[in-house]
There are 2 protein chains.
Amino acid sequence: MKQDSRLVRMLHVLIHIGLLGGRETSETIARMLNTNPVVVRRTMSALRRKGIVGSEGGRGGGWVLLRPLTELTVLDVQTALREDKVLSAGLSSDHPACPVERAANAALVEAFARAEETLIGEFGRLKLSIIADAALADAKKLPARAEPPRQEPIR
Amino acid sequence: MKQDSRLVRMLHVLIHIGLLGGRETSETIARMLNTNPVVVRRTMSALRRKGIVGSEGGRGGGWVLLRPLTELTVLDVQTALREDKVLSAGLSSDHPACPVERAANAALVEAFARAEETLIGEFGRLKLSIIADAALADAKKLPARAEPPRQEPIR
DNA sequence: ATATTCCGTAACAAATATTGTTACGCTAAA
DNA sequence: TTTAGCGTAACAATATTTGTTACGGAATAT
């Protein structure tokens, strides 16, 4: 299956909005993500439901950040995108009554639960502002052309 | 995408073979897994390449365990099935030069690497014999019939 | 020898989840 | 009234595991 990249993409977007401090349209964001506005609305709507961003229709509308980057963690974004666990073992239900199958399932569930704890811990302490700072530091190291290769306005 | 259940399934099979101590045909194993022999051969061939099991064709052939359950870990089986990492963050490559995208990618890679460490640690210390013991203990607790679709009464 | 019982593999269909795309409706501001 | 936005439904494209069919080859029993 295709890899789920909604989390990184949302981090990318949120940090951009946070750094620019303003309002961005789905159209603009779509260009950031090399995709189209529908995908943006679809994904961002999950964040809106959790109060991370707000949206307004009509002229001059767009998306705004409702909480500063210092008060947003990767975990907040992750759980907004998916209620359930990040990691999950592929279990088997071929013979639910078989003690061996059950023990194998249980062992993997346990191991993944430990890994999930670790991951959630990392996500929880990773504020978006930390990632933003890293990005700024990185940008400073590079030649001045730091922004994404802008396409010329076509209209 | 569908969940990858090859690992649990192989654990299930290996432990069964280990406990029964003999040789099993793809046909028999397929019935264990509610699937068909081709799927079994396809998946088990990865384990053969790593010397975990051996196979013989012809009459009286089948699959045998080349290492005892006490000398096999979940990690052995996992790495036989996939060379690469168990966990991987969904990254983005929408604008590879954008410092924000890069920082977001890097942050997730880092977090997942920590989780992977935890998981590999768990897998590495989980010998198949431990899971086998758990299965036996479980089987003993239950009425002697281990197979049919029987469910614990839910309170 | 010949039939039977095995594995090995290629090729293709089915099921599933994310992503991309088109189309249309609604709202608010110019 | 027009225009710039979002909201949503519907469907195609893509990728991965799983299931299935159809072979061919090898070892053993008869």
Side-chain angles (χ1 to χ4, degrees), chain A residues 1-10 12-13 17 22-49 53-64 66 78 81-94 153 155, chain B residues 1-10 12-13 17 22-49 53-64 66 78 81-94:
Chain A
M1 142 204 54
K2 202 174 273 185
Q3 269 270 50
D4 184 344
S5 62
R6 284 175 294 180
L7 178 58
V8 230
R9 279 180 147 185
M10 287 304 98
H12 183 176
V13 168
I17 300 182
R23 181 180 297 258
E24 302 286 344
T25 69
S26 299
E27 176 63 37
T28 305
I29 296 173
R31 255 174 283 149
M32 268 184 213
L33 301 182
N34 252 327
T35 180
N36 70 69
V38 177
V39 173
V40 172
R41 294 191 189 108
R42 184 196 290 155
T43 311
M44 302 270 293
S45 70
L47 307 186
R48 185 188 48 218
R49 267 177 242 123
V53 295
S55 65
E56 272 179 34
R59 206 182 192 108
W63 298 87
V64 291
L66 297 183
Q78 168 63 40
L81 291 173
R82 306 185 55 98
E83 292 287 345
D84 52 341
K85 295 207 196 73
V86 189
L87 308 181
S88 66
L91 303 183
S92 62
S93 52
D94 300 313
R155 73 199 73 213
Chain B
M1 150 193 94
K2 198 176 273 186
Q3 268 270 51
D4 184 344
S5 63
R6 284 175 295 180
L7 178 59
V8 231
R9 280 180 143 185
M10 288 303 98
H12 183 176
V13 168
I17 300 182
R23 180 181 298 260
E24 303 286 346
T25 69
S26 300
E27 176 62 38
T28 306
I29 296 174
R31 253 174 282 140
M32 268 184 215
L33 301 182
N34 253 329
T35 179
N36 70 69
V38 178
V39 174
V40 173
R41 295 190 189 109
R42 185 195 288 154
T43 312
M44 302 269 290
S45 70
L47 306 187
R48 186 187 46 219
R49 268 176 240 123
V53 294
S55 65
E56 271 179 34
R59 207 183 191 109
W63 298 86
V64 291
L66 297 182
Q78 167 64 40
L81 291 172
R82 305 186 57 98
E83 293 287 346
D84 52 340
K85 294 208 194 72
V86 190
L87 309 181
S88 65
L91 303 182
S92 61
S93 52
D94 300 313

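Lettering of chains follows the sequences in order, A, B, ..., and the numbering in each one begins at 1. Not measured: the values here are computed from a predicted model.
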**Request:** Would you mind telling me which residue lines up with the more 5' stretch of DNA chain C, A:Thr35 or A:Gly58, judged by nearest nucleotide?
**Result:** A:Thr35
**Nearest-neighbour nucleotide for the A:Asp4 side chain, C:dT18, C:dT9, D:dT17 considered** = C:dT18
**Residue B:Ser26, side-chain atoms from C-beta onward, closest of C:dC7, C:dT19, D:dC6** = C:dC7
**Message:** Using side-chain heavy atoms (C-beta onward) and a distance below 4.5 Å, is A:Arg9 in contact with A:Val39?
**Reply:** yes
**Asked** Whole Å only: how far is the CD atom of B:Gln3 from the P atom of C:dA14?
**Response** 23 Å
**Prompt:** Rounded to whole angstrom units, what separation is found between the CG atom of A:Leu47 and the P atom of D:dG7?
**Reply:** 12 Å
**Asked** Got a donor-acceptor pair under 3.5 Å from the side chain of B:Arg42 to the base of D:dT21?
**Response** no
**Request:** Just call it for B:Arg23: base, sugar-phosphate, or nothing, with non-hydrogen atoms closer than 4.0 Å on any strand.
**Result:** nothing
**Request:** Please state how far atom CH2 in B:Trp63 lies from atom P in C:dC7, giving the value in whole angstrom units.
**Result:** 7 Å
**Message:** Looking at B:Ser55, I'd like to know whether one of its side-chain N or O atoms comes within less than 4.0 Å of OP1 or OP2 on C:dG8.
**Reply:** yes
**Distance in angstrom units between B:Arg41 CZ and D:dG24 P, rounded** = 16 Å
**Prompt:** Does any non-hydrogen side-chain atom of B:Ile17 lie less than 4.5 Å from one of B:Val64?
**Reply:** no
**Prompt:** Roughly how many Å is it from CG in B:Leu33 to P in D:dT17, rounded to a whole number?
**Reply:** 17 Å
**Prompt:** If you pin B:Asp94 and B:Glu24 to their nearest nucleotides in DNA chain C, which one's is more 5'?
**Reply:** B:Glu24
**Request:** Please determine, for the side chain of B:Asn36, which listed nucleotide (D:dG7, C:dT18, D:dG19) has the closest atom?
**Result:** D:dG19
**Request:** Remember a base hit wins even if backbone is also touched, and classify B:Arg49 as base, sugar-phosphate or nothing at under 4.0 Å, heavy atoms.
**Result:** nothing
**Request:** Please state how far atom CZ in A:Arg9 lies from atom P in C:dT18, giving the value in whole angstrom units.
**Result:** 13 Å
**Asked** How close or far is atom P of D:dA26 from atom CD of B:Glu56, stated in whole angstroms?
**Response** 14 Å
**Prompt:** Which of these nucleotides, C:dC7, D:dG19, C:dA28, is closest to any side-chain atom of B:Val39?
**Reply:** D:dG19
**Prompt:** Just checking B:Ser5: base, sugar-phosphate only, or nothing, at a heavy-atom cut-off of under 4.0 Å?
**Reply:** sugar-phosphate
**Item:** A:Arg48-A:Ser55 side chain donor-acceptor pair, cut-off 3.5 Å
**Value:** yes
**Message:** Just by distance, no angles: are the side chains of A:Trp63 and A:Ser26 close enough, under 3.5 Å, to form a donor-acceptor pair?
**Reply:** yes
**Item:** Touch class at under 4.0 angstrom, heavy-atom based, for A:Gly90 against every strand present
**Value:** nothing
**Request:** Report the nucleotide, chosen from D:dA29, C:dG8, C:dA23, that has the shortest atom-to-atom distance to any side-chain atom of B:Arg59.
**Result:** D:dA29
**Prompt:** Which whole-number value in Å describes the distance from B:Ile29 CD1 to C:dC6 C1'?
**Reply:** 12 Å
**Asked** Considering only heavy atoms from C-beta outward, does the side chain of A:Thr35 approach that of B:Asp94 to under 4.5 Å?
**Response** no
**Asked** With distance as the sole criterion, is a donor-acceptor pair present between the side chains of A:Arg41 and A:Ser45 under 3.5 Å?
**Response** no
